[in-house]
*Asks:* 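Sharing a structure below in structure tokens format, with a few things to ask.
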Amino acid sequence: MSAYETIYNIVRQIPYGQVATYGQVADLANLPGRARFVGYALYRVAPDSDIPWHRVINAKGEISESPVRYGSDYLQRSLLEAEGIQLSPQGKISLRKYRWRSELKG
DNA sequence: CTAATGACGTAGA
DNA sequence: ATCTACGCCATTA
């Protein structure tokens with residue numbers, strides 16, 4: 001059981017039409033303050049994986065763009081819009097509305 | 001074992 | 001809101 005598998009487990013729990021921040025996923029994965037691990041874990045995940053990686057965004061409500069993704073960041077935005085999530089012209093997401101409220105945390 | 005990497009978060013200005 | 005700087009520590013070569 002790698003630490004990443006725990007993160008993947010959390011990401012799979014994100015319901016349709018909602019998003020979670022890296023910090024939130026890290027917290028749910030019992031890894032407080034290890035938000036970087038979440039991002040690094042998703043980096044290992046393949047775009048065609050069964051993990052809803054596109055529902056994970058940063059605390060600013062934006063999609064993390066990085067050259068290592070080779071455009072998968074654009075794909076993420078498309079997937080989010082496909083789920084009914086509205087993005088601001090700047091690519092921001094209203095965490096106030098779409099943030100996944102964990103059942104475990106209350 | 002060491003060195004480098006990394007889709008982030010928080011605090012201060 | 002924007003920018004700068006530091007911390008976090010598993011994973012990989």
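In what follows, chains are A, B, ... by sequence order, proteins preceding strands, each numbered from 1.
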*Asks:* Only distances under 3.5 Å count here; give the side-chain donor-acceptor pairs of residues 52-61 of chain A to other protein atoms, sequence neighbours excluded, each with its distance to 0.1 Å.
*Replies:*
from	atom 1	to	atom 2	distance (Å)
A:W53	NE1	A:P47	O	3.3
A:H54	NE2	A:E83	OE2	2.9
A:R55	NE	A:E83	OE1	3.2
A:R55	NE	A:E83	OE2	2.9
A:R55	NH1	A:I14	O	2.8
A:R55	NH2	A:E83	OE2	2.8
A:N58	OD1	A:K60	N	3.2
A:N58	OD1	A:G61	N	3.1
A:N58	OD1	A:E62	N	2.8
A:N58	ND2	A:E62	O	3.3

*Asks:* Taking only residues at least two apart or on different chains, which pairs with a member in residues 2-11 of chain A satisfy side-chain hydrogen bond (donor to acceptor under 3.5 Å, both in side chains)?
*Replies:* none
*Asks:* Can you list the residues that meet the side-chain hydrogen bond (donor to acceptor under 3.5 Å, both in side chains) rule with A:R99, with sequence neighbours excluded?
*Replies:* none
*Asks:* Hey, what are the protein-to-nucleotides 10-13 of chain C N/O distances that come in under 3.5 Å?
*Replies:*
from	atom 1	to	atom 2	distance (Å)
C:dT11	OP1	A:A3	N	3.4
C:dT11	O3'	A:R44	NH1	3.2
C:dT12	OP1	A:R44	NH1	2.4
C:dT12	OP1	A:R44	NH2	2.8

*Asks:* Of all residues at least two apart in sequence or in a different chain, which pass the side-chain contact (heavy atoms from CB on, under 4.5 Å) check with A:Y43?
*Replies:* A:Y40, A:V68
*Asks:* Members other than A:Y16 in its cluster, when Ile, Leu, Val, Met, Phe, Trp, Tyr link by side-chain heavy atoms under 4.5 Å?
*Replies:* none
*Asks:* May I ask you to verify if any side-chain N or O of A:R34 is less than 4.0 angstrom from the OP1 or OP2 atom of C:dC9?
*Replies:* yes
*Asks:* Could you list all the salt bridge (charged side-chain N to carboxylate O under 4.0 Å, His left out) pairs where at least one residue sits in residues 15-24 of chain A, not counting sequence neighbours?
*Replies:* none
*Asks:* Taking side chain as C-beta onward, heavy atoms only, is A:Q18 less than 4.5 Å from A:R101?
*Replies:* no
*Asks:* Tell me, please, which residues at least two apart from A:S72 pass side-chain hydrogen bond (donor to acceptor under 3.5 Å, both in side chains).
*Replies:* A:R69
*Asks:* Indicate every side-chain donor-acceptor pair of residues 29-36 of chain A with a distance under 3.5 Å to a residue at least two apart or in another chain.
*Replies:*
from	atom 1	to	atom 2	distance (Å)
A:R34	NH1	A:P32	O	2.0

*Asks:* Are there any protein N/O atoms within less than 3.5 Å of an N/O atom in nucleotides 1-5 of chain C, and if so, which ones and at what distance?
*Replies:*
none

*Asks:* Sugar-phosphate atoms are those with a prime plus P, OP1 and OP2; base atoms are the rest. Using that split, label each nucleotide of nucleotides 8-13 of chain B B, S or - for protein heavy atoms under 4.0 Å, 5' to 3'.
*Replies:* BS----
*Asks:* Considering residues at least two apart in sequence or located in another chain, which fulfil the side-chain contact (heavy atoms from CB on, under 4.5 Å) criterion with A:R77?
*Replies:* A:I63, A:E81, A:L87
